[in-house]
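Keep in mind that this is a model prediction, so the values were computed, not measured.
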Amino acid sequence: QVQLVESGGGLVQAGGSLRLSCAASGPTFSTYAMGWFRQAPGKEREFVAAISWGGGDRYYADSVKGRFTISRDNAKNTVYLQMNSLKPEDTAIYYCAAKLGWTSTTVYEYTHWGQGTQVTVSS
């Protein structure tokens with residue numbers, strides 16, 4: 001089974017940028033669709049972005065569209081979330097997730113999860 005390890009979170013000022021990375025184990029990473037989700041204090045986990053196994057099919061939450069970009073490098077077994085023009089409301093724990101089959105924006109369809117990385121955006 002694929003295992004996911006996230007990194008790249010931290011503290012950034014509003015308007016700044018961060019790039020999150022999610023390193024996956026094993027040679028089967030390229031067979032998985034990948035997603036990023038986030039959970040802010042007092043709120044449920046919500047969809048942020050998703051990408052197909054080949055990288056050609058991408059989805060974004062309306063709240064991040066135009067600011068965030070999801071990408072993957074299958075040769076490096078890594079998926080990225082480039083976050084630009086960050087806002088305080090982007091503050092959350094960000095989770096990387098994986099699933100087989102079609103790309104999905106639905107949290108419960110993902111079967112593998114990273115540990116989460118904290119992103120804090122100050123005003």
Is there a side-chain contact between T91 and R38, using heavy atoms and a 4.5 Å cut-off? no
Distance check, rounded to the nearest 0.5 Å: M34 atom CE versus S71 atom OG? 11.5 Å
Shared hydrophobic cluster for L4 and Y110 (ILVMFWY, side-chain gaps under 4.5 Å): no
If you count every heavy atom of other residues, nucleotides or ligands that lies below 6.0 Å from E89 atom CD, does the total exceed 12? yes
What heavy-atom pair brings S21 and T78 nearest, and what distance separates the two atoms? CB-CG2, 4.3 Å
Find the distance between CZ (R58) and OG1 (T103) and round it off to the nearest 0.5 Å. 10.5 Å
Between the CD atom in E44 and the CD atom in Q39, the distance rounded to the nearest 0.5 Å is 8.0 Å
Same cluster (ILVMFWY, side-chain, under 4.5 Å), L86 and V64: yes
Mind checking whether Y32 and V79 sit in one hydrophobic cluster, side chains of I, L, V, M, F, W, Y counted as touching below 4.5 Å? yes
Looking at K87 and D90, is any side-chain nitrogen of the basic one under 4.0 Å from a carboxylate oxygen of the acidic one? no
I'd like to check F68 versus I70 (side-chain heavy atoms, cut-off strictly below 4.5 Å). Are they in contact? no
Any link between L100 and W113 through a network of hydrophobic side chains (Ile, Leu, Val, Met, Phe, Trp, Tyr) touching at under 4.5 Å? no
With the side chain counted from C-beta on, respond yes when W102 and D57 share a heavy-atom pair under 4.5 Å apart, and no when they do not. no
Could you check if a side-chain atom of M83 sits within less than 4.5 angstrom of a side-chain atom of W36, using non-hydrogen atoms only? no
In terms of hydrophobic clusters joined by side-chain contacts under 4.5 Å, are Y94 and I51 together? yes
Residues V5 and Q115: closest non-hydrogen pair is CA-OE1, 3.7 Å
Would you list the atom pairs, donor with acceptor, under 3.5 Å between side chains in residues 11-20 and any protein atom, with sequence neighbours excluded?
unit_1: S17; atom_1: OG; unit_2: N84; atom_2: OD1; d: 2.8

List the atom of Q118, the atom of A92, and the distance in Å for their closest heavy-atom pair. NE2-O, 3.4 Å
If we ignore hydrogens and angles and just use 3.5 Å, is the side chain of S25 paired with the main-chain N or O of Q3 as donor and acceptor? yes
Do Y60 and T69 touch side chain to side chain, with heavy atoms closer than 4.5 Å? yes
Can you tell me how far the SG atom of C22 sits from the CZ atom of R72, to the nearest 0.5 Å? 9.5 Å
What closest approach, in Å, do G116 and I93 show between heavy atoms, and which atom pair accounts for it? CA-CG2, 3.9 Å
Atom pair OH/CZ of Y108 and R45 - distance to nearest 0.5 Å: 12.5 Å
Could you tell me whether F47 and Y59 have their ring centroids closer than 6.0 angstrom? no
